[in-house]
Amino acid sequence: MGVFIVAVTNTNPFPPNLNLNSKNGGSHDRKQLISRLHKCRNINQLAQIQAKMIRNGHEQDPFLLFEVLRLCSNWNSIDYASKIFEHIKNPNVFLYTALIDGHISSGSCLHGIRLYSRMVDESIKSDPYVIASVLKACGFELALKEGRVVHGSALKMQLDSNRSVRLRLMEFYGRCGAFKDAQQVFDEMPQGDVVASTIMLSCCIIHGLIDKAFAIFTQVSARDTVCWTAMIDGFVRNGEMNRALRLFMKMQGEAVRPNEVTVVCVLSACSQLGALELGRWVHSYVGKYKIKLNHFVGSALISMYSRCGSLEEAQEVFVEMTDRDVITYNSMIVGLAMHGKSREAIELFQAMVKQGLRPSSITFVGVLNACSHGGLVDLGFKIFDSMVKDYNIEPQIEHYGCMVDLISRMGHLEEACNFIRRMKVAPDHIVWGSLLNACKIHGNLKLGVQVAKILVDGGIADSGTYILLSNVLASSGKWEEAAMVRAKMRHSGILKEPGCSSIEVKNEIHEFLLGDLRHPQKEEIYKKLDKLNIILRSEGYSPATEEVLQDIEEGEKEWALAIHSERLAICYGLITTEPGSTIRVMKNLRVCNDCHSMIKLIAKITKRKIVVRDRNRFHHFEDGSCSCGDYW
DNA sequence: CTAGGGTTAG
């Protein structure tokens, strides 16, 4: 980008009073056009109004064109707006600003910056609005150099005292990580500006500076809904769900009313924690406090219910929402796929297409995931091919990952390797991990070791890789080598993510680690586990000791297995909830084979439905079998 | 005659 030149005036060769129409008729037409533009709701109506503008000789009227561009911007019709703009003979600063804003809201900030550059080249004088807009674009684009130039122009034109300009300057520097500059602008602003503080704390959150953000938050005297929401969202984004929920409670204690955005953030926290009861409470809150069930809130609810294990309630919300967009469908499709309802997910995808909605790349992640969980190889390929062919969506690494999972889990390991070779993007640890997992399932030691080597040599091996490799080796009885792999993992400083399961009882989340002894009711829990073990044994259950990762003595192996965290969580559920009620457990890792077969039996003998969310998907255990059909 | 303060889903 070149250096911006500060312009003096805007010379328009068509003075507005040189109208071809008669004086009265022209201005009457114009008034009518303005009122029609204000009522305009879609592109088709807009095109009609434009036709009339041309017929009445108003096609270059800057005021009318400004309204037109703003409408396009609101509807995210940036291509249409750009086309109109190219036909404007002498666009003024208002029209430039409108189009720059359009580019920003459609996510192409770089185009916005270029457009500003063009405006400067055309010697059109800047005003505070356009400066604020282009600074916003620079902030999103992390265009530090360009933004500094804009800042320089603003100083020259003495526009830097304008509040909007200052807010945007702060946002721009903050987003770019230039905190010293951001702080300087912030310090020069009047004290107690809640908006300025919200911008500052949001910028800190973007850069993971959560404590700095919280420090700013606590210093704001008059915190409003948006400020509270920004902070709650910050905790959620930084993985601190409990702090987010505590802050939400505190917000209500201070009688600040949540809005739609707040609810979406809190629901996201519930989803991640698996806090169904709390999520239900937030849902009832939506009804009680007239929070609009808009697309954001609807999707967040659907997603919360699916991710908390209650697909039925997710579907109820989906049905209740008559006005659905792509993301509403995506949430439901992803939910169905997660729960192993492959056919339903694919049918919903087809219904969505039939409705005239254009699937997005996330839609395909959901649908391909459904194929993968359902073992639907042919259909998976068909959908994968149609992505590019019918929807012009280039597959991303996530889509390739689903395909490799789908192909290799069916045992077509060779084909999976060929597929990886043909991929247009470099395979990541998830793609190789899927293949490695399939090697374990299908007992292909040779390929498994090769794949693991690729991961380790490529420096993309995480703890999961090492664990999987050690599992592959252990399941072939190669205990020594398995132990060596684990030693190597410790050596390279990679820690095993500790297995952790949680269960919500009476609005409280109880967490359990492997062999956890911290819970106040640990004695009852372990007593329950012992009792279950005796019954299970009489039912013919014998622990699958080869699943244990370490090469240890038989007796020890069984003990180590018996206390996988999900077992503790389930036992706690059994002793604290009503007989016959569903038990829902969330786990951060995948369920092992042995736990899987044990939980099937527990469900049978206790006559309970047990729902387990693992790293990848849901398992619904009922009467001795699991919804995944032992295929996960 | 033209004009947003900040926070949002998969």
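Values reported hereafter were calculated over all heavy atoms of this structure, with side chains retained and with hydrogens, waters and symmetry mates removed. Small disclaimer: the values here were computed from a predicted structure and weren't measured. Note on naming: letters A, B, ... go to the chains in the order of the sequence lines (proteins, then strands), and numbering restarts at 1 for each one.
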Asker: When you measure from the side chain of A/Thr229, which nucleotide among B/dA9, B/dT7, B/dG6 comes out closest?
Answerer: B/dT7
Asker: Is it true that atom CD of A/Gln158 has more than 12 heavy atoms of other residues, nucleotides or ligands lying nearer than 6.0 Å?
Answerer: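 No - once you tally the heavy atoms of other residues, nucleotides and ligands closer than 6.0 Å, there are 12 at most.
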Asker: Would you indicate what A/Arg237 reaches in the nucleic acid, counting non-hydrogen atoms under 4.0 angstrom: base, sugar-phosphate, or nothing?
Answerer: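 Sugar-phosphate: the residue A/Arg237, judged by heavy atoms under 4.0 Å, touches backbone atoms but no base.
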Asker: Measure across A/Ile291 and A/Pro258 and return the closest heavy-atom pair with its distance rounded to 0.1 Å.
Answerer: CD1-O, 3.9 Å
Asker: When you look at CD of A/Glu254, are more than 12 heavy atoms from neighbouring residues, nucleotides or ligands closer to it than 6.0 Å?
Answerer: yes
Asker: Any salt bridge linking A/Glu67 with A/Arg30? Criterion: basic side-chain nitrogen under 4.0 Å from a carboxylate oxygen.
Answerer: no
Asker: Just wondering, more than 12 heavy atoms not from A/His111 lying within 6.0 Å of its NE2?
Answerer: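 Open: at most 12 neighbouring heavy atoms sit under 6.0 Å from NE2 of A/His111.
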Asker: With heavy-atom distances below 4.5 Å as the criterion, would you say the side chains of A/Trp75 and A/Leu46 are in contact?
Answerer: yes
Asker: Report yes or no: is the ring centroid of A/Phe94 under 5.5 Å from the six-membered base ring centroid of B/dT2, with the two planes under 30 degrees?
Answerer: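 Here the ring of A/Phe94 and the base of B/dT2 are stacked, with centres under 5.5 Å and planes under 30°.
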Asker: How close or far is atom P of B/dT7 from atom CZ of A/Phe235, stated in whole angstroms?
Answerer: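 Checked: the CZ to P distance equals 18 Å.
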Asker: Can the positive tip of A/Arg243 be found less than 6.0 Å from the middle of the six-membered ring of A/Phe214, inside 45° of the ring normal?
Answerer: yes
Asker: May I ask you to list the residues of residues 176-199 of chain A, by number, that have any heavy atom positioned under 4.0 Å from an atom of DNA chain B?
Answerer: A/Asp193, A/Val194, A/Val195, A/Thr198, A/Ile199
Asker: Which pairs, with at least one residue in residues 299-316 of chain A and sequence neighbours excluded, count as a salt bridge (Lys or Arg N to Asp or Glu O under 4.0 Å)?
Answerer: A/Arg280-A/Glu313
Asker: Check whether more than 12 heavy atoms from other residues, nucleotides or ligands sit under 6.0 Å from atom CG of A/Asp187, and answer yes or no.
Answerer: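 Yes, enclosed.
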Asker: Does a side-chain N or O from A/Arg168 land closer than 4.0 Å to OP1 or OP2 of B/dG6, or not?
Answerer: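 For A/Arg168, the contact criterion (side-chain N or O under 4.0 Å from OP1 or OP2 of B/dG6) is met.
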Asker: Flag yes if more than 12 heavy atoms outside A/Lys587 fall under 6.0 Å of its NZ atom; otherwise flag no.
Answerer: yes
Asker: In whole Å, I'd like the distance from the CG atom of A/Leu69 to the C1' atom of B/dG4.
Answerer: 17 Å
Asker: Are the side chain of A/His295 and the backbone N or O of A/Asp323 linked by a donor-acceptor pair below 3.5 Å?
Answerer: yes
Asker: Where does B/dG6 fall, syn or anti, if syn means a chi angle no more than 90° from 0?
Answerer: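 Anti for B/dG6; the angle lies over 90° from 0.
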Asker: Counting side-chain heavy atoms from C-beta on, which of B/dG10, B/dA3, B/dT2 comes nearest to A/Asn92?
Answerer: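 Of B/dG10, B/dA3, B/dT2, B/dT2 is nearest to the side chain of A/Asn92.
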Asker: What pair of heavy atoms forms the shortest contact from A/Met189 to A/Ala196, and how long is it?
Answerer: SD-CB, 4.1 Å
Asker: Establish whether the base of B/dA3 is bridged to the side chain of A/Asp101 by a donor-acceptor pair shorter than 3.5 Å.
Answerer: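 No, the side chain and the base share no sub-3.5 Å donor-acceptor pair.
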Asker: Going by heavy atoms closer than 4.0 Å, what residues in residues 278-306 of chain A are next to DNA chain B?
Answerer: A/His295, A/Phe296, A/Ser299, A/Ser303
Asker: Rounding to an integer number of Å, can you tell me how far A/Arg307 CZ sits from B/dA9 P?
Answerer: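 Roughly 13 Å, once rounded to whole Å.
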Asker: Could you list by number each residue of residues 339-370 of chain A showing a heavy-atom separation from DNA chain B of less than 4.0 Å, or answer none if no residue does?
Answerer: A/Ser360, A/Ile362
Asker: To the nearest Å, give me how far apart CE (A/Met231) and C1' (B/dG6) are.
Answerer: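 Rounded to whole Å, this separation is 14 Å.
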Asker: Taking CZ from A/Arg175 and C1' from B/dT7, how many angstroms apart are they, rounded to a whole number?
Answerer: 12 Å
Asker: Check each residue of residues 255-271 of chain A for a non-hydrogen atom within less than 4.0 Å of any atom in DNA chain B, then write out the ones that pass by number, or none.
Answerer: A/Asn259, A/Val261, A/Val264
Asker: OG1/A/Thr363 to CE/A/Met332 distance, rounded to the nearest 0.5 angstrom?
Answerer: 14.0 Å
Asker: Grab the CE-C1' distance between A/Met251 and B/dT7 for me, whole Å please.
Answerer: 10 Å
Asker: Mind listing the residues from residues 214-226 of chain A sitting with a heavy atom below 4.0 Å of DNA chain B? Number order is fine.
Answerer: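 Heavy-atom cutoff 4.0 Å gives A/Asp224, A/Val226.
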Asker: For A/Ile88 and B/dT2, give me the distance from atom CD1 to atom C1', rounded to whole Å.
Answerer: 13 Å
Asker: Looking only at atom types and distance, does a side-chain atom of A/Asn162 sit under 3.5 Å from a main-chain N or O of A/Ser164, one as donor and one as acceptor?
Answerer: yes
Asker: Within the pair A/Arg324 and B/dG10, is there a side-chain N or O less than 4.0 Å away from OP1 or OP2?
Answerer: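 For A/Arg324, the contact criterion (side-chain N or O under 4.0 Å from OP1 or OP2 of B/dG10) is not met.
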Asker: In whole Å, I'd like the distance from the OH atom of A/Tyr129 to the P atom of B/dA3.
Answerer: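 That distance rounds to 8 Å.
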Asker: To check you understand the geometry: which heavy-atom pair defines the closest contact between A/Leu144 and A/Cys176, and what is its length?
Answerer: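 Taking every non-hydrogen atom into account, CD1-CB, 3.8 Å.
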Asker: If every non-hydrogen atom of A/Val236 is compared with every non-hydrogen atom of A/Ala244, which pair is closest and at what distance?
Answerer: CG2-CB, 3.6 Å
Asker: Does the structure place the NZ or CZ of A/Arg358 under 6.0 Å from the centre of the six-membered ring of A/Tyr391, at an angle of no more than 45° from the ring's axis?
Answerer: no
